[in-house]
Amino acid sequence: MTRSCRPSLLPAIFAMLLPVLVPAGTPSCAHTQDSVRERIAEMRFPDLRFRRIEPREESVRGVPVYFLEDHELPLVTVYATFEGGVRHFPRDFFAAASAMPGLLRTGGTLGLPPDSVDARIELMALAMSFGQGGGSASSWVNTLSVQVDDAVRLWADMLRSPRFDSTQVELWRGSELERVRRRRDDPASLAFGRFNRIMYGEHPVGWEMGAADLEPADLADERLRYVHAAVVCPENMVLGVAGDISWRRIRTLLNEMLAEWPACSGNLQEDPGPEIRPDPGVFVIHREIEQSVVVMAHATSIRQGDNDGYFASRIGNAILGASGLSSRLASELRTREGLAYSASSIWTTSRRDDGLAGALTRTRPETTLAAARLLLAAIDSMRASPPAQAEVTHAVDEVVNGFVFNFRTPFQIIARGMAYRRLDLPPDWLERYVDGIQDVTPARVQSVFRREVDPARMTVLLVGDTTRFDGSASELGPVTVLSDEPVDGGGVIPAEASSPRERPRSLR
């Protein structure tokens with residue numbers, strides 16, 4: 001009887017290679033496997049070499065343009081960023097600055113009402129986005145290359161000549177009022193918004209949108225146009241283009257787009273640097289909910305840049321809690337103690353301003369204080385001794401192995417180049433980042449935690465049903481009780497001598 005080799009019982013790679021490497025009719029399975037192993041061992045492959053793809057840096061009418069030609073798909077993306085956002089306007093322009101980018105999409109143009117704009121976008125099957133961060137605004141349009149002229153002209157008209165249709169403005173105001181009303185029903189949203197208020201105070205990062213910010217006068221046409229004229233203008237603009245188009249063709253289109261675009265009004269204010277709360281403390285918001293939210297953090301001076309402290313903070317943050325279920329916080333609170341579904345650390349690193357370092361979780365009311373203590377203990381463990389080399393290696397490998405995903409699409413490449421320009425980072429920042437991450441050692445991680453992070457300095461916010469807490473919040477430090485309503489000045493109510501756990505009715 002002839003012996004039969006069953007490829008399904010062999011490793012997958014052997015099964016794939018057998019038809020090529022092994023002649024038909026080989027009688028012995030063992031011989032087959034030995035032969036394959038020998039042939040695989042003899043194989044030689046050239047070294048993999050990564051070649052970084054760089055966009056061209058051009059200029060049209062004084063506006064910087066990042067351009068990357070790519071003909072793999074018949075698509076073109078045009079991207080614009082604008083310096084200026086909520087942080088560049090006084091508080092009475094909070095609503096107008098927040099609403100303006102979205103209303104560029106929904107509010108029509110001077111020549112077309114909103115429904116006509118929607119119809120053209122649908123007819124051309126355009127993908128389009130308008131948004132903002134605290135200090136900048138952005139928009140992009142993606143289109144088939146055969147209709148790029150019509151698509152870019154429509155998009156440019158939406159950017160340059162918005163209608164700010166009154167019906168759409170009122171719809172935005174109504175949805176925002178509803179969001180404000182519902183914020184109290186979402187403990188996480190309530191906690192994060194109030195924590196920013198505690199830490200940043202009257203700086204725009206600490207602003208909470210309230211009904212008082214959403215009076216009709218706050219979204220008057222003149223206010224929206226005041227914000228628009230200050231932000232969406234050539235002097236604040238950087239453009240990016242990626243896709244199936246030549247530079248000659250897109251240059252002509254961009255030149256037409258930028259011609260006679262009004263100059264910036266000059267109404268942007270200087271972005272004030274935040275003054276982050278320096279003192280520790282414990283804040284409590286009483287809500288009769290089934291899950292408490294615990295947030296804690298303090299200021300840290302680590303900034304984004306090419307230095308050992310920054311890179312060590314990234315790896316240390318990943319080890320502590322930013323890497324998901326493999327992190328220390330998740331292992332401690334979820335796996336070992338069963339107090340929370342998830343727990344994570346935060347360590348923000350701005351290019352210009354100080355950031356926050358801390359941790360957060362959600363847990364049952366009956367384990368609120370226990371969870372808070374575990375967060376503090378885990379943070380302290382990063383100071384007490386260096387992390388294991390295996391922890392550092394795992395965190396570094398996650399960064400390095402994900403390096404290739406920074407180059408998935410041409411749009412991603414030009415967007416990154418534009419972001420580096422806005423942040424004043426070198427063009428090769430991504431490579432510097434990976435090199436710096438690879439140089440991180442356990443000793444450097446411990447050093448940056450000892451220098452920058454201290455559990456005793458934490459500001460702690462507890463949101464939950466204080467009548468069910470596993471002790472008094474005052475066990476963590478001096479307590480300040482906050483209202484759950486968005487009140488000017490942060491809604492701070494000085495705590496009395498008694499614990500909020502003993503007097504919940506006074507919090508309503």
Side-chain angles (χ1 to χ4, degrees), residues 80-118 128-139 155-183 193 196-197 200-237 260-272 274 486-490:
T81 61
F82 302 90
E83 187 65 27
V86 169
R87 296 173 64 157
H88 296 88
F89 295 94
R91 178 61 190 256
D92 55 349
F93 280 82
F94 187 24
S98 300
M100 186 274 294
L103 290 172
L104 294 180
R105 167 60 186 90
T106 62
T109 70
L110 293 180
L112 293 171
D115 56 349
S116 295
V117 172
D118 291 343
M128 198 176 284
S129 174
F130 296 80
Q132 68 167 340
S136 64
S138 64
S139 179
W155 176 67
D157 197 29
M158 295 166 70
L159 287 171
R160 288 182 53 166
S161 307
R163 177 182 292 247
F164 295 132
D165 180 82
S166 59
T167 300
Q168 294 299 319
V169 172
E170 187 59 25
L171 283 173
W172 186 91
R173 190 175 79 90
S175 65
E176 195 69 10
L177 282 169
E178 180 65 12
R179 191 183 70 83
V180 169
R181 187 184 70 81
R182 289 181 176 274
R183 184 166 54 209
N196 280 340
R197 180 69 172 178
Y200 290 95
E202 286 302 319
H203 187 271
V205 176
W207 291 348
E208 289 186 271
M209 188 77 74
D213 298 302
L214 294 166
E215 298 292 337
D218 294 311
L219 290 162
D221 186 74
E222 59 268 20
R223 291 206 176 192
L224 291 167
R225 296 197 181 279
Y226 181 95
V227 172
H228 176 262
V231 175
V232 186
C233 46
E235 293 93 329
N236 292 341
M237 184 188 303
E260 300 181 6
W261 192 315
C264 296
S265 65
N267 291 327
L268 284 184
Q269 295 183 353
E270 192 70 27
D271 180 2
V487 180
D488 289 343

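When a residue number appears, it is its place in the shown sequence, counting from 1.
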Going by heavy atoms in the side chains, are [X] and [Y] under 4.5 Å from each other?
{"X": "Val232", "Y": "Met100", "answer": "yes"}
{"X": "Pro274", "Y": "Arg87", "answer": "yes"}
{"X": "Asp218", "Y": "Phe93", "answer": "no"}
{"X": "Val231", "Y": "His88", "answer": "no"}
{"X": "Met209", "Y": "Leu177", "answer": "no"}
{"X": "Phe82", "Y": "Pro101", "answer": "no"}

query = Does a sphere of radius 6.0 Å around CD in Glu178 hold more than 12 heavy atoms from other residues, nucleotides or ligands, not counting ones at 6.0 Å or beyond?
reply =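 Counting neighbours around CD of Glu178, more than 12 heavy atoms of other residues, nucleotides or ligands fall under 6.0 Å, so yes.
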About how many Å separate [atom2] of [Y] and [atom1] of [X], when rounded to the nearest 0.5 Å?
{"X": "Phe130", "Y": "Thr106", "atom1": "CZ", "atom2": "OG1", "answer": "9.5 Å"}
{"X": "Asp118", "Y": "Leu112", "atom1": "CG", "atom2": "CG", "answer": "10.5 Å"}
{"X": "Leu219", "Y": "Ser166", "atom1": "CG", "atom2": "OG", "answer": "12.0 Å"}
{"X": "Arg105", "Y": "Gln168", "atom1": "CZ", "atom2": "CD", "answer": "9.0 Å"}
{"X": "Glu170", "Y": "Ser175", "atom1": "CD", "atom2": "OG", "answer": "10.0 Å"}

request  = State whether Asp221 and Arg163 are salt-bridged, where the test is any N-O pair (Lys NZ or Arg NE/NH1/NH2 against Asp/Glu carboxylate O) under 4.0 Å.
outcome  = no
inquiry  = Taking the basic N atoms (NZ, or NE/NH1/NH2) and the acidic carboxylate oxygens, is any pair closer than 4.0 Å for Arg173 and Glu176?
reply    =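 Here Arg173 does not pair with Glu176 in a salt bridge, since their nearest N and O are not under 4.0 Å apart.
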So which atom in [X] and which in [Y] form the shortest heavy-atom distance, rounded to 0.1 Å?
{"X": "Pro162", "Y": "Leu104", "value": "CB-CD2, 3.6 Å"}
{"X": "Gly108", "Y": "Val117", "value": "CA-CG2, 4.0 Å"}
{"X": "Ala211", "Y": "Val180", "value": "N-CG1, 4.2 Å"}
{"X": "Leu268", "Y": "Gly84", "value": "CD1-CA, 4.0 Å"}
{"X": "Phe89", "Y": "Trp207", "value": "O-CH2, 3.4 Å"}
{"X": "Glu208", "Y": "Arg91", "value": "O-NH2, 3.0 Å"}

Side-chain ([X]) to main-chain ([Y]) donor-acceptor, under 3.5 angstrom:
{"X": "Arg183", "Y": "Gly210", "answer": "no"}
{"X": "Glu235", "Y": "Cys264", "answer": "yes"}
{"X": "Ser139", "Y": "Ser129", "answer": "yes"}
{"X": "Arg160", "Y": "Thr109", "answer": "no"}
{"X": "Asn236", "Y": "Ala230", "answer": "yes"}

message = Classify the ring geometry of Phe164 against His228: parallel below 30°, tilted from 30° to 60°, perpendicular beyond 60°.
response =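 The arrangement is perpendicular - the two ring planes meet at more than 60°.
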inquiry  = Apply salt bridge (Lys or Arg N to Asp or Glu O under 4.0 Å) to residues Arg197 and Glu202 and explain how you reach the verdict.
reply    = CA-CA 8 Å; Arg197 180 69 172 178; Glu202 286 302 319; 2.8 Å; yes
